[in-house]
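Numbers here are sequence positions counted from 1.
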Amino acid sequence: EALGPIAAQGNRGRQLSVVLGVNLDDLGDHRPGQRAATERGALFPLVDAGFTKADVRAWSRFLGLRTWDKPAAACLASRVPYGIPVTLGTLRSVADAESGLRSLGFRQLRVRHYGDTARIEVPPEDLAAVVARREEISGAVHRAGYRYVTLDLDGFRSGNLNDALPDQDLVATARGQ
């Protein structure tokens with residue numbers, strides 16, 4: 001909703017379009033943001049071109065882009081549990097916390113937003129490193145505006161907020177199946 005008025009205002013009187021980097025692999029999961037973007041006229045050029053994540057990486061490498069092997073970075077709204085409003089302030093807190101952790105050398109991670117509590121997810125092999133650097137990590141997350149810092153001992157799992165959905169029929173319905 002934040003981009004709608006900006007796109008409508010346009011550039012020199014021209015309507016702008018919102019373009020998302022969604023690829024074919026992203027279509028098989030419950031992603032309410034994609035549905036909302038589609039309903040508001042967003043464009044998905046990678047889907048239209050038939051690109052998968054592997055295709056994006058291969059072409060990025062071929063073109064010499066330094067980000068060709070960058071870990072997947074889902075929309076920041078995917079860090080907010082269903083039912084909690086997504087605000088620009090919330091997204092800023094998540095982005096700042098994740099940026100702080102990346103500056104400490106953690107490459108694959110998610111910071112899940114639960115009000116004043118941040119739940120950190122890293123791959124299981126990085127759990128010991130997080131504990132060993134507890135003070136630095138807590139400081140980075142506190143600076144992002146969180147009061148409490150927790151570590152998910154199950155480790156990093158893409159799409160794990162979908163586990164809270166009432167049942168798998170809802171997930172199938174959301175996927176359009």
Side-chain angles (χ1 to χ4, degrees), residues 1-103 105-113 119-123 126 152 155-165 168-177:
E1 291 187 23
L3 293 178
I6 295 169
Q9 181 181 354
N11 181 16
R12 299 184 191 135
R14 292 180 297 205
Q15 170 81 22
L16 300 177
S17 296
V18 174
V19 178
L20 281 74
V22 175
N23 63 67
L24 291 176
D25 294 329
D26 296 328
L27 299 179
D29 196 9
H30 176 62
R31 299 192 181 194
Q34 286 178 16
R35 185 179 62 233
T38 299
E39 290 169 358
R40 288 167 178 79
L43 304 175
F44 301 83
L46 296 174
V47 171
D48 294 341
F51 272 46
T52 64
K53 281 182 178 39
D55 295 326
V56 171
R57 288 190 189 286
W59 276 100
S60 296
R61 187 174 190 180
F62 175 77
L63 294 170
L65 302 178
R66 62 182 165 86
T67 56
W68 73 269
D69 67 341
K70 183 178 177 182
C75 172
L76 288 175
S78 71
R79 280 41 160 211
V80 181
Y82 300 111
I84 296 177
V86 177
T87 66
L88 292 177
T90 297
L91 298 178
R92 170 58 50 210
S93 293
V94 170
D96 289 350
E98 289 189 0
S99 177
L101 296 179
R102 283 194 183 89
S103 75
F106 294 94
R107 190 168 150 91
Q108 185 70 42
L109 64 105
R110 293 287 187 270
V111 173
R112 306 290 183 185
H113 176 88
R119 187 182 87 210
I120 299 170
E121 295 178 11
V122 296
D126 289 345
D152 188 326
F156 174 85
R157 297 167 329 276
S158 289
N160 73 37
L161 293 180
N162 290 342
D163 294 345
L165 292 173
Q168 291 307 308
D169 291 333
L170 179 60
V171 174
T173 300
R175 289 181 183 164
Q177 298 173 347

* Structure fact -> So CZ of R107 and CG of D69: to nearest 0.5 Å the spacing works out to 5.0 Å
* Side chains of D152 and I120 in contact at under 4.5 Å (non-hydrogen atoms) -> no
* What heavy-atom pair brings F106 and D126 nearest, and what distance separates the two atoms? -> CE2-O, 4.3 Å
* Asked: How long is the span from the CD atom in E98 to the CG atom in L109, to the nearest 0.5 Å?
  -> 5.0 Å
* Gap between atom CZ of R61 and atom OG1 of T67 - 0.5 Å precision -> 13.0 Å
* Would a distance-only check, ignoring hydrogens and angles, find a side-chain to backbone donor-acceptor pair under 3.5 Å from D96 to S93? -> no
* Where do D25 and A54 come nearest, in terms of heavy atoms and distance? -> OD2-N, 4.4 Å
* Taking all non-hydrogen atoms of both residues into account, name the closest pair between G50 and L24 and its distance. => O-CD1, 3.3 Å
* **R79 and T90, any side-chain heavy atoms less than 4.5 Å apart** => no
* To do: State, to 0.1 Å, how close P85 and V80 come at their nearest heavy-atom pair, and which atoms those are.
  => O-CG1, 4.3 Å
* Asked: Looking at CD of Q108 and CZ of R102, how far apart are the two atoms once the value is rounded to the nearest 0.5 Å?
  -> 8.0 Å
* Asked: Only one of R110, R112, R157 forms a side-chain hydrogen bond (donor to acceptor under 3.5 Å, both in side chains) with E121, so which one is it?
  -> R112
* **All side chain to side chain donor-acceptor pair (under 3.5 Å) counterparts of S60, not counting sequence neighbours** => none
